[in-house]
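First the structure, in the form of structure tokens, and then the observations on it.
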Amino acid sequence: MRLKMMKRCMACVILLGSGMQVAQAQRVSLKTNALYWAVAHPNLGVEFRLTPHYTLNVEVIGTYLHKGRFHARNIVANPEVRYWFNARPQSQHFVGVMAFASSYDYRTKNWNHIGEGFGAGVTYGYSWVLSTHWSLETTAGLGAAYARDNTYRGENDPMTYDPNNKKILPVVKLGVSFVYVMK
């Protein structure tokens with residue numbers, strides 16, 4: 001089940017990326033979110049300019065931690081379409097519509113949480129142009145999320161299996177990103 005979910009996430013990212021051939025001569029940016037790094041979630045994003053006011057931002061976040069009896073694996077794909085209020089691309093205020101899909105496996109000494117999550121939301125942000133190629137971007141988003149979580153006590157003991165499905169309204173995105181504008 002997890003492998004199928006991962007394949008779907010990667011297929012979505014590849015399809016979105018391959019559809020950007022129309023943006024070949026447009027502005028492209030690479031970015032990373034410092035807040036995710038601060039909580040041990042390495043991430044990388046790419047943003048394609050589609051029109052003077054619209055961009056497509058795609059981020060991938062992955063985690064693999066292992067310390068003693070604590071084990072965490074997580075991967076998230078996060079596409080977002082943004083509308084920039086300024087005619088200068090990728091600067092100042094923007095709003096966006098985003099979605100995400102994740103697969104996770106968190107294990108401690110006594111509990112295992114294995115599952116996947118899906119969600120969508122709206123975002124608002126601001127980008128400060130620092131130089132010709134560098135920007136600093138802040139963003140926050142609210143939305144709805146659904147998580148299918150299977151909880152086990154111990155090492156996947158079927159006697160203690162507890163399926164847990166949740167629908168929540170969380171903060172779906174929060175970031176302070178360093179952006180490198182390639183073109």
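Of the candidates Arg69, His66, His71, His71 is the only one forming a side chain to side chain contact (heavy atoms under 4.5 Å, CB included) with Arg107.
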Could you walk me through whether Thr32 and Trp37 pass the side-chain contact (heavy atoms from CB on, under 4.5 Å) test, one step at a time?
-> CA-CA 8 Å; Thr32 189; Trp37 281 98; 2.5 Å; yes
Test log, rule side-chain contact (heavy atoms from CB on, under 4.5 Å), inputs Met98 and Val172 | CA-CA 9 Å; Met98 53 92 57; Val172 292; 3.6 Å; yes
For ring-ring contact (aromatic ring centres under 6.0 Å, His included), just list the numbers for Trp84 and Tyr54, CA-CA rounded to whole Å, side-chain angles, deciding distance to a tenth of an Å, and then say yes or no.
-> CA-CA 6 Å; Trp84 295 83; Tyr54 285 96; over 10 Å; no
Steps toward ring-ring contact (aromatic ring centres under 6.0 Å, His included) verdict (His133, Tyr180) = CA-CA 5 Å; His133 290 285; Tyr180 180 75; 5.5 Å; yes
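In this structure a side-chain-to-backbone donor-acceptor pair under 3.5 Å is missing from Ser103 to Ile75. Judged by distance alone, the side chain of Asn33 and the main-chain N or O of Leu174 form a donor-acceptor pair under 3.5 Å. With hydrogens and angles disregarded, no donor-acceptor distance shorter than 3.5 Å links the side chain of Ser177 to the backbone of Val179.
Hydrophobic clustering, with ILVMFWY side chains joined whenever heavy atoms are under 4.5 angstrom apart, keeps Tyr146 apart from Val122. Both Val28 and Trp134 belong to a single network of hydrophobic side chains, linked directly or stepwise wherever heavy atoms of I, L, V, M, F, W or Y lie under 4.5 Å apart. Following chains of ILVMFWY side-chain contacts shorter than 4.5 Å, one can reach Met182 starting from Leu130, so the two form part of one hydrophobic cluster. Grouping the Ile, Leu, Val, Met, Phe, Trp and Tyr side chains by contacts below 4.5 angstrom, directly or via other members, places Val181 apart from Leu136. A single hydrophobic cluster is not seen to contain both Val129 and Val176; linkage of ILVMFWY side chains at heavy-atom distances under 4.5 Å, directly or through other members, places them apart.
At least one side-chain heavy atom of Val46 sits less than 4.5 Å from a side-chain heavy atom of Leu30.
The nearest pair of heavy atoms linking Thr123 to Val97 is OG1-N, 4.5 Å. When every heavy atom of Ala120 is checked against every heavy atom of Phe100, the shortest pair comes out as N-CE2, 4.3 Å.
Lys31 and Glu59 are not joined by a salt bridge, as no carboxylate oxygen comes within less than 4.0 angstrom of a charged side-chain nitrogen.
A distance of 4.5 Å separates CD1 in Ile61 from OH in Tyr36, rounded to the nearest 0.5 Å. Distance check, rounded to the nearest 0.5 Å: NZ of Lys173 to CG of Leu142 gives 13.0 Å. Atom CZ of Arg27 and atom CG of Leu50 lie 13.5 Å apart (nearest 0.5 Å). Rounding to the nearest 0.5 Å gives a distance of 5.0 Å between CG of Asn74 and OG1 of Thr63. To the nearest 0.5 Å, atom CG of residue Leu56 and atom CZ of residue Phe48 are 7.0 Å apart. Rounded to the nearest 0.5 Å, atoms CD (Gln92) and CG (Asn86) are 4.0 Å apart.
A donor atom on one side chain and an acceptor atom on the other are found under 3.5 Å apart for Ser29 and Gln90. With no hydrogens or angles considered, a side-chain donor-acceptor pair links Thr55 and Glu47 at under 3.5 Å.
In this pair, Tyr83 and Phe85 present their aromatic rings perpendicular. The plane angle is above 60°, beyond the 30 to 60° band.
A cation-pi arrangement is present between Arg82 and Phe94, with the terminal nitrogen or guanidinium carbon under 6.0 Å from the aromatic centre and inside a 45° cone about the axis.
At most 12 non-hydrogen atoms from other residues, nucleotides or ligands lie less than 6.0 angstrom from CZ of Phe178.
Qualifying side-chain contact (heavy atoms from CB on, under 4.5 Å) partners for Ala147, counting only residues two or more places apart in sequence or in other chains: Tyr104.
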